[in-house]
Every structure is written in structure tokens, then in C-alpha cells.
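A short worksheet on the structure shown next.
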Amino acid sequence: MNENIDAQEKKDLPSNFIRDIIDEHNLSGRFGAKVHTRFPPEPNGYLHIGHAKSICLNFGLAKDYNGATNLRFDDTNPVTEDVEYVDSIREDVKWLGFDWEDREFYASDYFDRMYELAEILIEKGLAYIDSLTPEEIRHYRGWPTSPGKESPYRNRSVEENLDLFRRMKTGEFNEGDHILRAKIDMSSPNMNMRDPAVYRIKKSSHHRTKDKWCIYPMYDYAHCLSDSFEGITHSICTLEFENHRPLYDWFLDKLELYHPQQIEFARLNLSYTVMSKRKLLFLVKEKYVDGWDDPRMPTISGLRRRGYTPSSIRDFAEKVGVARRDNVIDVAVLEHSIRNDLNKHASRYMAVINPIKLTIINYPENDIEYLEAVNNPEDSAMGMRKVPFSRHLFIERDDFREDPPKKFHRLFPGSEVRLRYAYIIICTGFKKNDISGEIDEIYCEYYPDTKSGGLGASRKVKGTIHWVSASHAGNVEARLYDRLFNHPDPLESDDDAGGFLQHINPDSLKIVSNCKVEPELLNAKPGDRFQFERVGYFCADTKLSTSGNPVFNRTVTLKDTWAKIENQTNNQ
RNA sequence: UGUCCUGUGGUGUAAUUGGCAACACGUCUGACUCUGGAUCAGAAGUCUCCAGGUUCGAGUCCUGGCAGGACAACCA
């Protein structure tokens, strides 16, 4: 292999502190130049965009270093965990484009080995059964700024500890009666080292081991062991586990087991978004959204239903980078990723979201023309299609103004615009409803020689608008989604009472029926993605669409320079 | 009055390990355009948290501050 090429490829890889650490390890030979990562979700909720960052990181690193990544369910708390979540997590990781092959593991697979090692810990005098109440234990633990004190049960004999632990296992005691604790240091400045819990009694059925166990290992104990059993080299987790690393190392050292390296990075935060599982669960449970896969949710399943592509999310994950400082990513970065992807790949159609009738008074009543339209100007391989045109059309209500503001390039009395793929027209009048004051219909004349591709077509007009032939139009429902929160930091005024709810955007979903679309769009299959020209990217909803009756979700709007201009002048 | 971690344009992330602070998103101009999209060209914006020190030279090393975050579940 050519070294220059290797060096060149290396240069193109993103640079971050984790890669630096791995490079050092590879140089020193600590893991024999091996990289083996894992993605370890707890199956107690749906995955969100923050998890996507972690997934891309773990799988991406392994790929770049010719290693592998395990999917491991960290299922040590049967009370909150469920197979529903296991299934959704599997689906989401797969959908994102990652393959864990046959390496699907569960912490619960290791319960037997973990138990045996716990007995060893006891035998070594490094763990004991505490019989204090939970409240007492909390009290004994002390504060971050002041040391804790030792439990009166701390010095039970190995025999007594072993006996008690075995009886815990057989179900002789009630929850909370006893607990296995590591014997470390009650005066440690690191709270995690003040005799942390190792095993607790929980008499609930586990989604995999059912009723085999009534004692379950705690995270700190289970996680390092699982990593060790699987031969993980780099155990990558988020910053809040930083203070747990000494404990991670302690268990492995005392048990003399293979020792992976834990590395922490800063979790993803997104503006205008909440990311905590607890809050997302709350939104679902209290019906602020339609479920975990509501298109406004930052969950992977929500983004998928919204119309995001796997590659746009991977691209996003790469763009935000990896570091150790707290961060808030502008949601515009995410939106940029999906626009960028869909611009290249989504076929274009004309769809009128808020229709108003337009009649071309000098166009013959019964004529129909089929006009050529480009499916994607970014990709000529996507071909052309025919769009029916006639005397009666629908156009976007907002593309007409009786009294246009400055710089308005669209339709108003006397103005000329291009009908996309069709003719240049001039607005000759309109009909207003006397009672409502609403405009009912717009009248125009067309210039026959200005047809797209025709002789007079090269004439320039200021604006081009989209349209749909009235008699050919399909009638569909569109769901215009917007950000769920209208404050960049919804948690700013959060409290236990759910203060973040005051920032919920009341306009995060607008359901619009009777949108007029090109007839072909009626055949859209659930999940199909499109650009509605001049409007935005849409996809056919996977839950609400029925055959011949698609419901279109707005994934994201097109960049709208005019809206920006108009807002600015309005605000002046 | 603790321990650990982190401070680089508005927001993120880099900086060949001590050598002209770069890239992306966003913002603003202009060009082009049968999408007010895309594309192209350009601009503004960082005295690298502060104060000292070492050095010919410091974002990077040293000392001292300051600010922010994490930690007090039998959750993960």
C-alpha cells in the first residue's frame, strides 16, 4: 500500500481528541492496535438525535480503524425497561445505516458471571452487605463538600456477607432490606467512591431473564464488566460519567480483569429542543405530541417520520464534531444537512398548499397541454415528466397581492410572472367576495409565444410561480411541522412543575386539507420524499397515508429569502 | 472553603504538538437563475476567559486568578 495515500486519507478524517487518544494507544500498542467500541443504550426509551451522535461516533471510529462495534443493551433495571424499546433501538440503529452483525449483546447475558465476580469481591473483603435503609444510606454518604461516615454493617465477616448475599439472591428478603456495597472510601472527595451500591433487590420480572433474578447489578458494576467481557478497547460515554471512571477502573483492577479505556465526550444539545429521555417521555405520556415518532420529536423515529434521511443525520453528526465542552448546536445545522441531501436527491413537484383559483381568460376552455418539467435540476438522470396545463389553475394564495409590498416579484394587478414550465401571464383583474373581503379568483391573460422552450420564452420576468391545473389536481392533506419549542433554550425557565412547557410552539403543527397537487403525487408511497417547488421538502407520512391518499409531512421549508425581506421591512 | 472537567468569531469544531488562528453553520453584499431554491464570487466577525512568567516566538508550556459544567438514586 502506498504510504502517501494512507497519509492523505488520514488527513481527510475529522480530527478530534478521541482519535488522538486512539492514535496514542496504537503507537504504544496498549490494545494491540485494535479498536473495538460499543453502543450501550438502556432500553427504557426511544433513541434521539443525541444518541445518533454517539452511534455515529462509535461505529464511525471502529470503521475508520478497521475495528468493530457491538450493540449492547444495558438492561440492568427491569422496572423501566421493555422489549418495545429494544425493538425500536434495533430498528433505529439499522436505519441509520450501521451493522453490528452478530454482536448483539445484553448486560443481562452476563448476570451469572457478574454474580460470581460479586462473590469474589466479597471474599476479597472488598464488598459487604449493608442493611441500612435507603434514607440512612443517603444520610451516611455525606455531601460533596463533607465526608460521609461508615455504615455500622461495614465490617461484617466475609462469611456473613456471603450468606446474606446468597439469601438476597434466593429471594429471602424484601426490596430495600439489604444491599451489596463496594468497600472503598466513605471520605473520598468523589461521591461515587463512597461505598457505591453494587447489587440491589428488585422483585420485578426482567424482559429477558424473566423471574430468574431478584437482585440486579448497578450500572457502574455492570458496565465495566460488560465492556471487559466483550473485549471493548475504547468505552466511549458522555461527560456525566467522568466522575465514575475511577469506579470503572476500581472494579476492573480489583477483579483483575481485562481493562478497557473509558473516554467521555460532551453530549449533543440542540437549540429549540429538549433532549432528556424523561422530558421526551413526559411529552409523549401527556399527549403534547403524537407519540415517540411524532415528526416534531428529536427522536430518530420522529426524524425518520418527518422525512430526514439517514445520510443527512450522519452528515450532521460529523459536522457537530466531538469534544469535551458543553455545547448547543444551532438547529439550523441539522436543517442544513437535510436540505443539502434532499436538494440533490428529491424529485421536484408542484403543490399548492393554500390554493386560490386563477383563470387564464384568453386560454381556450377545453384545451389541455402536457408540459415538460424537470424532475431534478441537480441531477439530469432523474429525467423529465409531463404536467397538465389548462385554463383553470390553482396558485398559492400568498403569491398574489392586491396591494403588493415593495420588491414583491409575484402576481398583482398589472404584473407579469412566469408560470413554472408554462407561460408568462399578466394579471388583468380579480374577484373579491363582498362579504368576507376575501379574494375569490384571479384573472390573467397568457402570452402564447412565451411557452417554456418556445420562441418568446427567453423574455425575462421578475418572478416565477408554481401552479396546478384545477381539473387535474389531486386533493391532499399536508402537515406543516415547525419546531416544537419557540425558545432557543426551552429549559431556561424549567422547574419541577414542567416550566419548559410554556415554550411549546402553538404553531408546531398546522394541518392543511385541500392542498392541490400534481396528479402524479397521488401515487406517492409512504416514506417517499419530494421537493414541492418553492415551498419545501415533504414526505408521505408512513402512518396516515392510505393508497391513493397520501398525507404529506413538511420536513423542512426551502430557504425563503423573500420571507426574510418581508419580515425585516415589517419590523422596521 | 470538596473533587473532577471545560473556557478559541453569534454557534460548533480545528490548528502538523511552540511558528502568520482555519473550516462549517449562521449573518450581510453582489452575480446568476423559468424554484426569491441551488450555484458562484465576496464581506463582516476571534487582542484564543483574565493577569503574570518562560521563549526570538505562546491558543499551545509554567504560576495565580475568574467563569461555566458534572457529582449528594437501591437510575443509566
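Remember, it's a predicted structure, so these values are computed and weren't measured experimentally. Protein chains get the first letters and strands the later ones, always in sequence-line order, with residue 1 at the start of each.
- With centroids closer than 5.5 Å and planes inclined by less than 30 degrees as the test, His409(A) and the base of G36(B) pass as a stacked pair.
- Here Tyr423(A) and Phe389(A) bring their ring centres to under 6.0 angstrom of each other.
- Within the shown strands, nothing qualifies as a pairing partner of U46(B) under the Watson-Crick or G-U definition with both distances less than 3.5 Å.
- Remark: the Tyr248(A) side chain and the Asp227(A) side chain contain an N/O donor-acceptor pair separated by less than 3.5 Å.
- Straight-line distance from the CG atom of Asn243(A) to the P atom of A70(B): 11 Å, rounded to whole Å.
- Aromatic stacking is not marked for Tyr219(A) over A76(B), as the cut-offs of 5.5 Å for the centres and 30° for the planes do not both hold.
- Atom name P, nucleotides U27(B) and A70(B): the rounded distance is 31 Å, in whole Å.
- At C28(B), one or more side-chain N or O atoms of Lys564(A) fall inside 4.0 Å of OP1 or OP2 (strictly under the cut-off).
- Closest to the Ser15(A) side chain, of the nucleotides G2(B), G12(B), A15(B), is A15(B).
- The side chain of Arg534(A) contributes an N or O atom lying less than 4.0 Å from OP1 or OP2 of G36(B).
- Not a single donor-acceptor pair under 3.5 Å links the side chain of Tyr106(A) to the backbone N or O of Arg208(A).
- Within the 4.0 angstrom heavy-atom criterion, only backbone atoms of the sugar-phosphate kind lie near His336(A); the bases stay farther away.
- In a base pair of the Watson-Crick type (N1 to N3 plus N6-O4 or O6-N4) or a G-U wobble (N1-O2 and O6-N3), with each distance short of 3.5 Å, C71(B) is matched with G2(B).
- Checking the phosphate oxygens (OP1, OP2) of G37(B), no side-chain nitrogen or oxygen of Arg348(A) falls inside 4.0 Å.
- Contact check, Thr80(A) against A76(B): no side-chain N or O comes under 4.0 Å of OP1 or OP2.
- One can place OH of Tyr248(A) at 24 Å from P of A70(B), the figure rounded to the nearest angstrom.
- The nucleotide whose nearest atom lies closest to any side-chain atom of Asp74(A) is, among A76(B), G12(B), U35(B), A76(B).
- Partner assigned to A21(B) is none, using Watson-Crick or G-U wobble distances below 3.5 angstrom.
- Across every strand in view, U60(B) sits unpaired, with no contact that passes the Watson-Crick or G-U test at under 3.5 angstrom.
- Going from atom NE2 of His244(A) over to atom P of U3(B) covers 18 Å, rounded to whole Å.
- The shortest distance between the side-chain N/O atoms of Gln568(A) and the OP1/OP2 oxygens of C28(B) is below 4.0 Å.
- Within the structure, every side-chain polar atom (N or O) of Arg324(A) is placed at least 4.0 Å from both OP1 and OP2 of G12(B).
- We find that CD1 of Ile18(A) is positioned 15 Å from C1' of A14(B), with the value rounded to whole Å.
- A donor-acceptor pair shorter than 3.5 Å cannot be found between the side chains of Arg410(A) and Ser415(A).
- Residue Met350(A) is classed as having no contact, given no heavy-atom separation below 4.0 Å to the nucleic acid.
- As the counterpart of U29(B), A41(B) is assigned, both hydrogen-bonding distances of the Watson-Crick or G-U wobble pattern falling under 3.5 Å.
- Ile465(A) comes within 4.0 angstrom of nothing in the nucleic acid, heavy atoms only.
- Counting non-hydrogen atoms under 4.0 angstrom, Asn190(A) reaches nothing in the nucleic acid.
- Side-chain contact between Asn77(A) and Arg200(A) is present, with at least one heavy-atom pair separated by less than 4.5 Å.
- Within the shown strands, G7(B) is the pairing partner of C66(B) under the Watson-Crick or G-U definition, both distances less than 3.5 Å.
- A close approach under 4.0 Å does not occur between any side-chain nitrogen or oxygen of Lys344(A) and OP1 or OP2 of A38(B).
- With hydrogens and angles disregarded, no donor-acceptor distance shorter than 3.5 Å links the side chain of His223(A) to the backbone of Asp74(A).
- Within the 4.0 Å cut-off from OP1 or OP2 of U33(B), not a single side-chain nitrogen or oxygen of Arg420(A) is found.
- Ring pair Tyr128(A)/Tyr153(A): centre-to-centre distance not below 6.0 Å.
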